[in-house]
Amino acid sequence: MKHTYLFEPAVWGVAGTFWRADGEALEAVGRTEIAHRPECWLLSGKHGGSVRWTFENDMFGKLQGRYTVIGPSIMSVYGCETSGYHGAELLAQLDADDYRSTGMLLLKDRIMYSWLMMLKRGG
């Protein structure tokens, strides 16, 4: 099956659960839009089956990561040397319109958040 998340422009609805370090479950609902533009296409740097990405905000600093396709899954590992945040996410393709995301965010050696989310194209 051909991957659709990241590789095709679309809006994805996201719903699931985040768990804080203390074990408290938090409902998570969101939306992700994948856009490929001539001046900045998400996968323009694709080389050897992987894609680099960056995300920056005041809390986490500048996270830098890499998506890699591994069979029916897309794996991402990321980190920020300055803030000490790092983690991983695994996106498992269920079908062309559905993925399951599992992952965790750590601060140095302490788990800050873990999650289980469902992504639905057009949702």
Side-chain angles (χ1 to χ4, degrees):
M1 183 176 346
K2 179 178 105 170
H3 279 286
T4 52
Y5 187 73
L6 299 178
F7 293 89
E8 295 179 7
V11 173
W12 294 80
V14 182
T17 305
F18 272 101
W19 289 273
R20 294 189 331 198
D22 63 6
E24 182 177 343
L26 305 169
E27 180 184 12
V29 177
R31 178 181 176 269
T32 299
E33 181 177 352
I34 306 296
H36 297 170
R37 295 184 178 90
E39 70 280 1
C40 183
W41 189 50
L42 179 64
L43 300 175
S44 63
K46 186 175 185 300
H47 176 71
S50 67
V51 179
R52 292 177 191 238
W53 61 268
T54 60
F55 169 81
E56 188 169 1
N57 76 11
D58 292 338
M59 181 175 172
F60 301 122
K62 185 176 183 178
L63 292 174
Q64 297 182 49
R66 182 179 290 272
Y67 285 110
T68 301
V69 173
I70 306 169
S73 301
I74 301 172
M75 178 103 185
S76 179
V77 292
Y78 54 89
C80 176
E81 290 181 20
T82 316
S83 68
Y85 283 101
H86 60 103
E89 178 178 30
L90 181 67
L91 294 148
Q93 186 178 34
L94 306 175
D95 58 44
D97 295 326
D98 297 279
Y99 280 78
R100 179 179 51 245
S101 166
T102 55
M104 65 178 177
L105 173 70
L106 298 95
L107 177 56
K108 300 189 179 167
D109 66 347
R110 191 171 139 221
I111 296 175
M112 303 302 293
Y113 292 100
S114 57
W115 61 87
L116 172 60
M117 308 284 256
M118 300 306 292
L119 288 73
K120 181 152 195 71
R121 182 162 45 175

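Scope of the values below: all heavy atoms of this structure, side chains included, with no hydrogens, waters or symmetry mates. The first residue of the sequence shown is numbered 1, and numbering continues consecutively from there.
With a 6.0 Å radius and a threshold of 12 heavy atoms from other residues, nucleotides or ligands, Phe18 has its CZ atom above the threshold. Atom CG of Asp95 is surrounded by more than 12 heavy atoms from other residues, nucleotides or ligands within 6.0 Å. In the displayed structure, Glu24 atom CD is contacted under 6.0 Å by more than 12 heavy atoms of other residues, nucleotides or ligands.
When all heavy atoms of Val11 and Arg31 are compared, the closest pair comes out as CG1-NE, 3.5 Å.
The closest donor-acceptor contact from the side chain of Arg100 to the backbone of Leu94 lies at 3.5 Å or more, if one exists at all. Side chain of Gln93 to main chain of Gly71: no donor-acceptor pair is present (N/O by atom type, distance under 3.5 Å, no hydrogens or angles). Panel note: side chain Thr4, backbone Ala96; a donor-acceptor pair is recorded below 3.5 Å.
Among residues two or more places apart in sequence or in another chain, the salt bridge (Lys or Arg N to Asp or Glu O under 4.0 Å) test is passed with Asp58 by none. With sequence neighbours excluded, the residues that form a ring-ring contact (aromatic ring centres under 6.0 Å, His included) with Trp12 are Tyr5, Tyr99.
Identified under the side-chain hydrogen bond (donor to acceptor under 3.5 Å, both in side chains) test for residues 72-87, with sequence neighbours left out: Trp53-Ser76.
Interatomic distance, CD of Glu56 versus CG of Leu63, reported as 9.0 Å (0.5 Å rounding).
With contacts defined as side-chain heavy-atom distances shorter than 4.5 Å, the pair Asn57/Phe55 qualifies.
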